[in-house]
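FYI, side chains are in, hydrogens and waters are out, and symmetry mates aren't considered; it's all heavy atoms of this structure.
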Amino acid sequence: QVQLVESGGGLVQAGGSLRLSCAASGITFRRYSMAWFRQTAGKEREFVAAIWKYSGNSYYLDSVRGRFTISRVNAENKVYLQMNDLKPEDTAVYYCAADSSIILSDYARHTAYDYWGQGTQVTVSS
């Protein structure tokens, strides 16, 4: 079955960096567009970044563009999120998502992704 397993979360001071990893199994990874979302208590899941299958084109939430970088290594079945200059407002549970048939206009819509990981907590202290 499909599994997405995130790792790399933790506690960091403002201005610090973290790199999240998502390891995928049970899918032909190169055929899937991948994304990161985040969620805080009582709020809807928020798009952070996506990287498209085949083209490798990437898309970002405005507030993280220039600070976060999404990347993928198809040979490893992994997607990464490098997060630099972290801010307290980046504190959230971060989720990895995958879908093979998502259309480009839906890249920021969490309901468009079929598969999800369990999430990893990122806490940024001020």
Side-chain angles (χ1 to χ4, degrees):
Q1 76 274 22
V2 179
Q3 267 197 313
L4 301 176
V5 180
E6 301 98 334
S7 60
L11 172 64
V12 64
Q13 287 190 327
S17 298
L18 283 174
R19 188 173 86 147
L20 305 184
S21 300
C22 172
S25 60
I27 59 173
T28 304
F29 185 74
R30 68 181 185 277
R31 295 179 182 171
Y32 281 71
S33 295
M34 305 296 296
W36 289 94
F37 285 75
R38 64 189 181 188
Q39 190 169 24
T40 54
K43 292 190 175 181
E44 194 167 309
R45 200 161 288 192
E46 178 183 52
F47 169 77
V48 176
I51 187 163
W52 229 240
K53 62 183 180 181
Y54 304 137
S55 70
N57 290 341
S58 55
Y59 308 91
Y60 295 94
L61 176 69
D62 284 347
S63 64
V64 309
R65 187 176 290 112
R67 300 188 296 122
F68 291 11
T69 302
I70 189 171
S71 61
R72 63 190 295 159
V73 180
N74 288 344
E76 296 178 357
N77 286 3
K78 286 186 177 178
V79 62
Y80 299 95
L81 186 68
Q82 177 67 44
M83 304 187 295
N84 298 328
D85 189 24
L86 282 159
K87 304 176 187 298
E89 52 264 40
D90 294 319
T91 294
V93 177
Y94 282 70
Y95 296 91
C96 174
D99 198 276
S100 62
S101 59
I102 187 171
I103 60 175
L104 186 56
S105 59
D106 284 343
Y107 71 82
R109 192 163 65 89
H110 66 86
T111 55
Y113 291 83
D114 277 346
Y115 301 109
W116 292 86
Q118 82 291 347
T120 184
Q121 176 71 47
V122 171
T123 303
V124 184
S125 64
S126 56

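- The salt bridge (charged side-chain N to carboxylate O under 4.0 Å, His left out) analysis of residues 107-126, with sequence neighbours excluded, yields the pairs D106-R109.
- Atom CZ of R45 is separated from atom CD of Q39 by 4.5 Å, given to the nearest 0.5 angstrom.
- Summarising the geometry of I27 relative to V2, their closest heavy-atom pair is CG2-CG2, 3.5 Å, with the distance given to 0.1 Å.
- Around atom CZ of R65, more than 12 heavy atoms belonging to other residues, nucleotides or ligands sit under 6.0 Å away.
- A salt bridge does not link D90 to K87: none of the charged side-chain nitrogens sits closer than 4.0 Å to a carboxylate oxygen.
- The two residues R67 and L86 make their nearest non-hydrogen contact at NH1-CA, 3.9 Å.
- Residues V79 and C96 form a side-chain contact, since some pair of their non-hydrogen atoms from C-beta on lies under 4.5 Å apart.
- Proximity of a side-chain donor or acceptor of S58 to a complementary backbone N or O of I51 within less than 3.5 Å is not detected.
- Scanning all heavy atoms of the two residues, the minimum distance from A24 to L4 falls at CB-CD2, 3.5 Å.
- Atom OH of residue Y32 and atom CD1 of residue I102 lie 12.5 Å apart, to the nearest 0.5 angstrom.
- A continuous path of Ile, Leu, Val, Met, Phe, Trp and Tyr side chains, each step under 4.5 Å between heavy atoms, connects Y113 with L104, placing both in one hydrophobic cluster.
- In this structure the side chain of W116 never reaches within 4.5 angstrom of the side chain of D99, judged on heavy atoms.
- Under the side-chain contact (heavy atoms from CB on, under 4.5 Å) criterion, S71 pairs with Y80, sequence neighbours left out.
- One distance of note links CD of E46 with NE2 of H110; it measures 11.0 Å at 0.5 Å rounding.
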Inset, instruction - Report the C-alpha distance between W52 and M34 in whole Å, list the side-chain angles of each, state the deciding distance to 0.1 Å, and finish with yes or no for side chain to side chain contact (heavy atoms under 4.5 Å, CB included). - result: CA-CA 6 Å; W52 229 240; M34 305 296 296; over 6 Å; no
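- Taking the side chain as every heavy atom from C-beta outward, W36 and M83 never approach each other to under 4.5 Å.
- Proximity of the aromatic rings of F47 and Y107 is defined here by a centroid distance below 6.0 angstrom, and this criterion is met.
- Here the CD1-OG distance, from I103 to S33, works out to 11.5 Å after rounding to the nearest 0.5 Å.
- Taking OG of S100 as the start and CZ of R31 as the end, the distance is 9.5 Å to the nearest 0.5 Å.
- With contacts defined as side-chain heavy-atom distances shorter than 4.5 Å, the pair V64/R38 qualifies.
- Looking only at side-chain heavy atoms (C-beta outward), I70 and F68 stay at 4.5 Å or farther from each other.
- Put simply, the side chain of E6 gets close to the backbone of Q118: a donor and an acceptor are under 3.5 Å apart.
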Atom pairs and distances, donor-acceptor, side-chain atoms in residues 10-22, under 3.5 Å, two or more places apart:
from : atom 1 : to  : atom 2 : distance (Å)
S17  : OG     : N84 : OD1    : 2.9

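- Between F29 and R72 the shortest heavy-atom distance is O-NH2, 2.9 Å.
- Judged by distance alone, the side chain of T40 and the main-chain N or O of A92 form no donor-acceptor pair under 3.5 Å.
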